[in-house]
Amino acid sequence: MALLLSSTSLESEEELNTIRFWLDSIELHAPEAKILLVGTRLDQVHDLDTINRLLKDRLRIVRRKQVVQNGNNKKWWFFPINNMDRSSLDHVQAIRDAASKAVENEAFVKQQVPLRWSYMLDQLDPGKSYFRLDEFQQLASSPKYGIASDEVVKDMLPFLHELGVVVHFGKSTSPILHSLVVTRPQWLLDNLSMVICDPMHMETILEKREDDGLPAELREDYDDWERKGEVTKRFMDWLWHGRETDYLVSLMEEMLLASRIGEDLFLVPSLLKDDHDVAAMAQNDYSHLCWFRFKFLPKGVFQRFICVFVRAYDGDEYTGATEINLNSALLFFDGAKALASVDYGDKVLDVRFKREDSAEVFQIVKILYDMFRRVNDDFMRGRLGMELVLSTNGKRDDETKNVLYSSLLQHRAKAKVPTLRKGEFVPIAQLNVFLGDTESATTITDRTFDVLVSYCWDEVEEGRDNKARVDSLVSRLRSQGLSVWQDTTNMQGDVQEAMIDGITDSKVFVVVATKKYVDKVNAGRTMNVHREFRFGVKQRPFVPVMFEPVMLDEDFRNQGTYSFFVMDELWVDMSTDDAMEANLGQLVTMVRSKIN
């Protein structure tokens with residue numbers, strides 16, 4: 001509270017921004033949760049009315065429906081407490097009473113829960129932070145607790161995970177994440193904050209390891225972590241004392257906190273610095289402009305987008321990202337360039353294009369839109385309120401020159417398009433760079449297909465016609481009510497562009513794996529199959545289908561690029577016609593689970 005009343009306006013603003021960040025984050029990830037603002041060090045502060053006014057005027061706290069008001073003290077929007085005085089129990093009791101009253105009518109408070117669940121949690125060793133899933137199930141099913149193994153996975157753990165009492169990820173995530181039950185969630189924060197922290201705390205973390213010190217072979221790893229935001233697995237293993245490194249790394253990848261850029265090397269975008277002047281770079285002939293505007297844009301969204309982008313294009317010499325900074329990045333798409341930068345204050349993300357890349361703008365915008373939609377849908381619960389805006393003059397401040405993309409599609413057959421300013425129009429010719437092929441343009445807002453089937457046309461072993469078998473599989477999937485993208489009927493024009501269209505317009509990527517398919521994936525980027533496979537498994541949830549007997553051989557499957565992405569995934573056996581018939585239901589179930 002003392003810092004809010006600081007005579008230094010900058011210091012006071014920093015404190016307000018910190019509170020604003022946490023309020024926004026809670027509103028995003030837990031919109032139904034109640035929030036109590038507790039102001040500590042009451043012994044150092046006397047002007048509580050000024051603090052309340054700051055919260056109301058600067059943070060507009062009254063509009064935040066989640067914040068609980070302190071009814072005992074002049075209707076303040078915070079609860080002051082003297083944390084240096086143990087006898088100040090009245091302040092503590094006020095917090096307890098307000099918290100109880102705030103949630104007394106919530107459904108989870110009234111929900112009946114088996115007593116054996118809470119009894120088991122109360123009896124767990126408080127010094128133990130996690131259990132193996134099978135260990136947890138075995139303990140739960142012991143005579144002491146009598147909780148069936150199926151009940152643990154289907155009912156108990158999902159309920160406790162939703163409440164935040166434990167952390168356990170379902171089968172839809174990686175097997176590594178599914179295999180662990182974290183009974184002390186603070187353990188996750190303690191470990192992740194050792195890797196994702198500001199420079200001031202990096203040296204502090206090392207000082208805590210004075211017992212063994214930083215090994216000489218990790219000095220370069222430390223420098224890259226501090227300067228470049230690149231972290232090696234062996235460095236994280238050292239930070240975490242070798243405890244559950246695979247789990248923690250998988251969690252960082254799953255939550256888009258880090259992205260793999262090498263076999264054991266990871267980029268952590270939130271560790272990057274703002275080393276470049278984006279405005280100066282934008283002056284360098286980046287003439288075309290579009291931007292994503294958001295109703296809600298908490299810090300960290302751009303960094304998650306960078307993770308998605310790097311994951312999709314890492315290892316592709318023609319497409320990727322360079323000059324990545326904390327809030328900006330120069331992106332490459334088969335040689336064309338796009339400069340992306342975020343402005344959290346205005347809640348926008350600008351994307352600028354060079355004039356000479358005009359022919360590629362539409363396709364790039366489509367890919368970026370799809371990536372941001374993934375971040376919004378999968379990690380922000382669809383609450384960002386995202387809209388794509390197009391500029392006719394390369395500027396963001398003139399509503400008469402800017403058009404919503406949805407309006408462009410709606411009026412693409414007309415001569416003029418309405419602008420952001422009501423009653424104003426611009427000629428559609430001024431927006432041709434964003435329109436591209438009008439038929440394919442309509443797919444930017446709605447994924448058309450449930451499934452894309454990725455396969456190799458070549459004959460497989462024993463002279464079987466692979467194309468005919470894939471056609472049969474596609475027909476069976478369609479008979480189950482699934483819409484399917486297949487290149488025999490959907491690929492037109494430029495093969496690579498059509499490939500990107502198919503994947504971005506589909507919800508699930510089905511890999512029809514044969515020996516020749518795997519060979520082409522492992523052969524490298526010169527093969528279209530390789531590029532399609534890498535883009536598909538990084539952009540979409542995917543299901544591998546073993547389409548010939550040799551693919552049932554674990555030694556053959558576990559090799560090269562194919563193995564790197566597919567090794568831990570559940571797969572479906574359709575290696576013979578009988579297996580296809582028998583396991584069609586399994587494939588349909590897996591596809592539908594990933595759609596939902």
Side-chain angles (χ1 to χ4, degrees), residues 21-22 25-26 29-30 121 124-136 157 160-170 173-215 217-219 221-272 299-300 303-304 306-307 310-311 379 568:
F21 166 79
W22 284 110
S25 298
I26 296 171
H29 297 290
L121 290 177
L124 293 178
D125 180 1
K128 190 176 177 65
S129 299
Y130 55 85
F131 293 81
R132 300 288 168 196
L133 178 58
D134 55 357
E135 177 189 9
F136 191 87
L157 288 179
L160 296 177
H161 176 91
E162 189 66 24
L163 288 182
V165 177
V166 304
V167 175
H168 179 253
F169 296 92
T173 59
S174 74
I176 293 175
L177 294 179
H178 182 62
S179 67
L180 213 66
V181 179
V182 179
T183 52
R184 192 173 72 88
Q186 185 64 38
W187 172 78
L188 294 175
L189 299 178
D190 292 343
N191 282 280
L192 295 183
S193 63
M194 293 179 70
V195 175
I196 307 173
C197 61
D198 58 55
M200 180 177 66
H201 290 94
M202 289 181 173
E203 285 292 342
T204 304
I205 291 171
L206 292 190
E207 290 172 3
K208 292 181 180 179
R209 293 294 303 271
E210 285 183 350
D211 54 331
D212 50 4
L214 179 66
E217 65 270 19
L218 293 181
R219 173 52 60 180
D221 299 53
Y222 171 81
D223 290 341
D224 288 343
W225 172 52
E226 182 183 33
R227 294 184 297 104
K228 299 162 59 178
E230 296 179 0
V231 193
T232 61
K233 187 175 181 181
R234 67 176 184 174
F235 182 72
M236 289 187 282
D237 194 55
W238 177 79
L239 282 176
W240 295 328
H241 298 273
R243 300 190 187 104
E244 302 302 333
T245 300
D246 288 340
Y247 175 89
L248 292 167
V249 170
S250 294
L251 179 62
M252 291 172 66
E253 289 188 278
E254 181 72 20
M255 302 307 295
L256 293 183
L257 299 173
S259 192
R260 188 184 298 268
I261 55 175
E263 184 174 353
D264 286 314
L265 181 64
F266 299 84
L267 174 70
V268 183
S270 58
L271 295 179
L272 296 170
K299 288 186 178 180
Q303 288 72 35
R304 280 183 159 89
I306 289 298
C307 277
V310 170
R311 181 180 297 179
F379 297 93
D568 293 328

Please enumerate all residues that pass side chain to side chain donor-acceptor pair (under 3.5 Å) together with D223, with sequence neighbours excluded. none
For Y247 and F169, take the angle between the two ring planes, folded into 0 to 90°, and tell me which bin it lands in: parallel under 30, tilted 30 to 60, perpendicular over 60. tilted
Any side-chain heavy-atom pair from V166 and V182 closer than 4.5 angstrom? no
Do the numbers put K128 on top of the ring of F131, so that NZ or CZ is under 6.0 Å from the six-membered ring centre and no more than 45° off the axis? yes
Could you give the distance from CD (Q186) to OG (S193), rounded to the nearest 0.5 Å? 8.0 Å
Pair E230, W225 - check side chain to side chain contact (heavy atoms under 4.5 Å, CB included), show working. CA-CA 5 Å; E230 296 179 0; W225 172 52; over 6 Å; no
Could you grab the distance from atom CG of L248 to atom CD of E253, nearest 0.5 Å is fine? 12.0 Å
With side chain to side chain contact (heavy atoms under 4.5 Å, CB included) as the criterion, how do L160 and V167 come out once you've worked through the C-alpha distance, each side chain's angles and the decisive distance to 0.1 Å? CA-CA 8 Å; L160 296 177; V167 175; over 6 Å; no
Here the pair of heavy atoms bringing Y222 nearest to L214 is CB-CD2, 3.9 Å
Find out whether M194 and M236 are in side-chain contact, i.e. whether some heavy atom of one side chain is under 4.5 Å from a heavy atom of the other. no
Crowded around E217 CD? As in, over 12 foreign heavy atoms under 6.0 Å? yes
Would you say the side chain of F266 lies within less than 4.5 Å of the side chain of L257, judging by non-hydrogen atoms? no
So, taking the atom named CG in L157 and the one named OG1 in T183, what distance separates them when rounded to the nearest 0.5 Å? 10.5 Å
Flag side-chain contact, heavy atom, 4.5 Å: Y130 against P185: no
L251/L188 under side chain to side chain contact (heavy atoms under 4.5 Å, CB included): CA gap, chis, key distance, verdict: CA-CA 9 Å; L251 179 62; L188 294 175; 3.9 Å; yes
Before accepting this row, confirm whether a basic side-chain N of the pair D264/R234 lies closer than 4.0 Å to the acidic partner's carboxylate O. no
Using a 4.5 Å cut-off on heavy atoms from C-beta on, say whether the side chain of L267 contacts that of I306. yes
Check: V231 and L265 side chains under 4.5 Å, non-hydrogen atoms: no
When rounded to the nearest 0.5 Å, the distance separating CG of L177 from OG of S250 is 5.0 Å
Would a 4.5 Å heavy-atom cut-off, applied to side chains only, mark D221 and E226 as touching? no
Taking side chain to side chain donor-acceptor pair (under 3.5 Å) as the test, write out the residues that go with S259, two or more places apart. none
Can you establish whether the number of heavy atoms outside E162 located under 6.0 Å from its atom CD is more than 12? no
Looking at V195 and L271, what are the two nearest heavy atoms and their distance? O-CD1, 3.6 Å
Is there a side-chain contact between T245 and K233 (heavy atoms, below 4.5 Å)? yes
Does V181 offer a backbone N or O that forms a donor-acceptor pair with the side chain of H168 under 3.5 Å? no
Could you measure the distance from the SG atom of C197 to the CG atom of L192? Nearest 0.5 Å is fine. 11.0 Å
First locate atom OG of S270, then atom CD1 of I196, and finally report the distance between them rounded to the nearest 0.5 Å. 5.0 Å
Between R304 and M255, what is the shortest heavy-atom contact and its length? NE-O, 3.1 Å
